[in-house]
2 protein chains.
Amino acid sequence: MSTITDVAREAGVSVATVSRALRGLDRVSPRTRERVLKVANELDYVASPTATSLASGRTQVVGVVAPFLTRWFFATLVSAIEKTLRQHDHHVLLFDLEDDTYDQRLPLSQNMLWKRVDGVITLNLPMTQDELDLVDRLGLPLVAIGTPVADRPNVRIDEAQAMRTATEHLVSLGHERIAYIGAVPSNKAHIRTPQARLDAFREVMQSHGLAEHKQWILGSDWSADSASADTHTLLASDDRPTAIAAASDEMAIGAMAAARAQGLHIPEDLSVIGIDDHALSNVLGLTTVRQDVAAQGRQAAEILLRSLGVATDGGDETEVVVPTELVIRASTAPPTAL
Amino acid sequence: MSTITDVAREAGVSVATVSRALRGLDRVSPRTRERVLKVANELDYVASPTATSLASGRTQVVGVVAPFLTRWFFATLVSAIEKTLRQHDHHVLLFDLEDDTYDQRLPLSQNMLWKRVDGVITLNLPMTQDELDLVDRLGLPLVAIGTPVADRPNVRIDEAQAMRTATEHLVSLGHERIAYIGAVPSNKAHIRTPQARLDAFREVMQSHGLAEHKQWILGSDWSADSASADTHTLLASDDRPTAIAAASDEMAIGAMAAARAQGLHIPEDLSVIGIDDHALSNVLGLTTVRQDVAAQGRQAAEILLRSLGVATDGGDETEVVVPTELVIRASTAPPTAL
DNA sequence: CTGAAAGCGCTTACAG
DNA sequence: CTGAAAGCGCTTACAG
């Protein structure tokens with residue numbers, strides 16, 4: 001592979017001129033630029049990113065940090081971010097902080113970031129003060145998707161609004177006996193989403209004067225398997241709800257499956273609603289509150305690019321709330337008892 | 001942040017010695033090494049990866065190239081690869097080559113790889129000759145997961161065996177009228193998985209003297225939505241199968257949903273089997289042929305690390321076939337008509 | 001508009 | 001065992 005020196009020699013100019021010409025800086029005569037471009041092209045020249053980084057201090061790489069990767073929500077975000085960044089010649093260095101034991105994630109370290117990335121995008125990741133200090137010390141701009149990180153730019157949905165919409169939908173159908181799946185895991189009390197959604201559920205129930213049954217607030221761990229197991233227990237009781245509001249579609253899918261396995265019909269015997277509009281929700285007929293996950297990834301990437309001085313259209317908002325939308329499908333209906 | 005010069009000054013040695021001491025090379029006296037380590041630690045010193053790369057020619061970064069990211073299979077691979085690489089101080093630079101129009105992916109370019117990665121892992125990605133030439137020209141080792149790439153090391157399941165297992169399971173239950181979902185998309189004839197699975201299905205059908213109905217071989221596009229739509233059409237006919245073999249769990253889930261939407265009961269009226277053991281398959285009671293996707297990611301990463309001279313345990317195989325396993329759940333049973 | 005030179009922060013022979 | 005020096009391949013003032 002050829003270097004900038006090869007191009008300079010071949011074009012009969014200095015490497016400084018090649019550098020300027022190729023990067024489109026001014027102060028290069030059109031004729032010179034043209035010649036340099038031609039030679040560079042002939043030689044298949046691509047600047048060594050490693051040398052460019054050392055000299056310029058920029059890597060054109062963004063660290064994307066996720067607590068998991070295998071869930072639909074995160075994979076969709078990463079995909080959208082990668083595409084947006086690539087359009088502006090930036091790349092994503094991926095960090096999956098999931099611990100093998102699932103109960104504690106790996107911390108962000110100087111090793112991962114220092115001189116390696118120009119900025120960081122966090123995906124629903126509460127950061128410790130140490131991590132925040134690190135990012136600051138390294139001078140890295142940061143954009144948080146979902147869970148906010150201090151006062152950094154943030155892209156998210158209105159969590160409370162989403163769950164209010166879901167709950168109101170059930171109430172408007174006539175449900176009064178509503179269970180909730182997706183309470184706050186005790187080891188994840190620092191994540192904001194679960195708490196916000198649960199609070200919103202309670203708020204709507206209260207506002208309609210509906211009783212909250214303690215044993216109808218299920219923890220689950222935000223997986224379909226766990227939601228299914230919890231729902232089995234819930235429905236085994238004589239005193240059962242007519243509807244379930246799940247804090248995510250994956251949990252809602254688990255709940256539906258458990259109900260069916262017990263011989264119940266959906267929505268006749270039990271209504272189920274989720275939040276997300278997961279890739280499989282349409283096919284499974286799940287009523288849900290849709291959030292545009294890819295849009296959140298795109299917007300976060302754009303905000304970060306802007307803070308890196310890379311031109312992108314759009315304003316300079318630093319706080320984006322992506323709208324959600326009720327999508328009614330076959331899993332919700334008025335309670336049969338009515 | 002401090003540089004190697006700071007450490008050298010503080011420790012009273014040359015930068016060359018610091019470099020050697022920190023990288024654990026021999027020819028450094030224990031006392032000197034200790035002092036250097038201590039100072040480096042005090043100064044929070046981390047070598048600039050960008051400078052290290054320029055000097056050494058290695059980036060400690062591996063390019064992971066996927067045709068999509070949002071499907072469970074790919075996200076699971078990426079997650080496993082990332083963790084394995086990180087254990088050996090390597091990072092993943094992610095490329096999602098999915099085109100916005102879905103019918104043609106972006107090509108790998110010199111820009112993405114040159115001096116940016118030490119090696120490449122492809123995820124079910126058939127490479128063009130141009131791309132292969134590029135990788136060779138750049139001298140990058142490559143490991144292919146799933147779809148093989150020329151004679152490069154390859155990690156996969158036995159596609160034919162997996163579909164044979166699935167089909168044999170249906171036949172052993174007494175099914176004779178079996179449909180197939182997941183034929184080869186015309187625009188993806190170069191991907192090997194669909195063809196291998198379809199061939200295996202046909203082989204088993206023939207070996208049992210069972211007739212293949214042309215209209216029972218459904219194309220779908222490997223998405224649940226498409227499989228659902230195709231199944232709707234299939235089941236609307238009077239002449240319908242008693243079982244469906246789907247080439248992936250996501251399609252099987254779509255098929256089950258469509259059957260239920262038409263009032264059919266699973267498995268009484270229709271048996272459905274998939275391949276994968278998708279994260280939601282357990283909860284949905286889908287019988288499937290399980291493949292250990294994370295293990296494939298781990299092994300591919302290890303093979304690549306070895307070819308980079310990074311010590312990992314394990315042999316030096318270059319061709320790994322990960323075993324699959326029939327997992328019988330509630331979606332398959334003998335045909336009722338029998 | 002263009003070039004010579006310093007500098008980015010490491011690694012790697014080469015001497016000693 | 002240790003250091004001085006060259007080199008990796010760019011970018012960036014600084015002159016002219």
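Here the structure is a predicted model, which is why all the values come from computation and not from measurement. We name chains A, B, ... by the order of the sequence lines, and we start the count at 1 in each one.
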Ion pair B:Arg152/B:Asp136, N-O distance below 4.0 Å: yes

Nucleotide interval of DNA chain C bounded by contacts with chain A (heavy-atom cut-off, under 4.0 Å): C:dC1 to C:dG9

Reference residue B:Lys83; test side-chain contact (heavy atoms from CB on, under 4.5 Å); the match among A:Asp96, A:Leu97, A:Leu69: A:Asp96

Nucleic acid contacts of residues 14-25 of chain A, taken as heavy-atom distances under 4.0 Å to DNA chain D: A:Ala16, A:Ser19, A:Arg20, A:Arg23

Nearest-nucleotide comparison on DNA chain D, the residue closer to the 5′ end among B:Arg35 and A:Val46: B:Arg35

Those residues that, when tested against A:Gln291, pass side-chain hydrogen bond (donor to acceptor under 3.5 Å, both in side chains) (two or more places apart): A:Asp276, A:Gln296

A:Thr84 side-chain N/O to A:Ala301 backbone N/O, donor-acceptor pair under 3.5 Å: no

N/O donor-acceptor pair under 3.5 Å between A:Arg86 side chain and A:Glu82 backbone: no

Within residues 37-52 of chain A or reaching into it, pairs that qualify as side chain to side chain donor-acceptor pair (under 3.5 Å) - sequence neighbours excluded: A:Lys38-A:Glu42

Sidechain N-carboxylate O distance under 4.0 Å for A:Glu131, A:Arg105: yes

side-chain contact (heavy atoms from CB on, under 4.5 Å), paired with B:Val149, selected from B:Leu125, B:Val120, B:Leu142: B:Leu142

More than 12 heavy atoms from other groups under 6.0 Å of CD on A:Glu34: no

Residues within residues 134-141 of chain A bordering DNA chain C, heavy-atom distance below 4.0 Å: none

Check: B:Arg35 side chain, B:Val13 main-chain N or O, donor-acceptor pair, under 3.5 Å: no

Position toward the 5' end of DNA chain D (nearest nucleotide), B:Gly12 or A:Thr52: B:Gly12

Paired stretches of DNA chain C - 3 or more consecutive Watson-Crick or G-U pairs, each distance under 3.5 Å: C:1-3 with D:14-16, C:5-12 with D:5-12, C:14-16 with D:1-3

Flag, side chain of B:Asn154 to backbone of B:Thr318, donor-acceptor distance under 3.5 Å: no

Any side-chain heavy-atom pair of B:Leu93 and A:Leu93 under 4.5 Å: yes

Touch class at under 4.0 angstrom, heavy-atom based, for B:Thr32 against every strand present: sugar-phosphate

Side-chain (B:Ser79) to main-chain (B:Thr76) donor-acceptor, under 3.5 angstrom: no

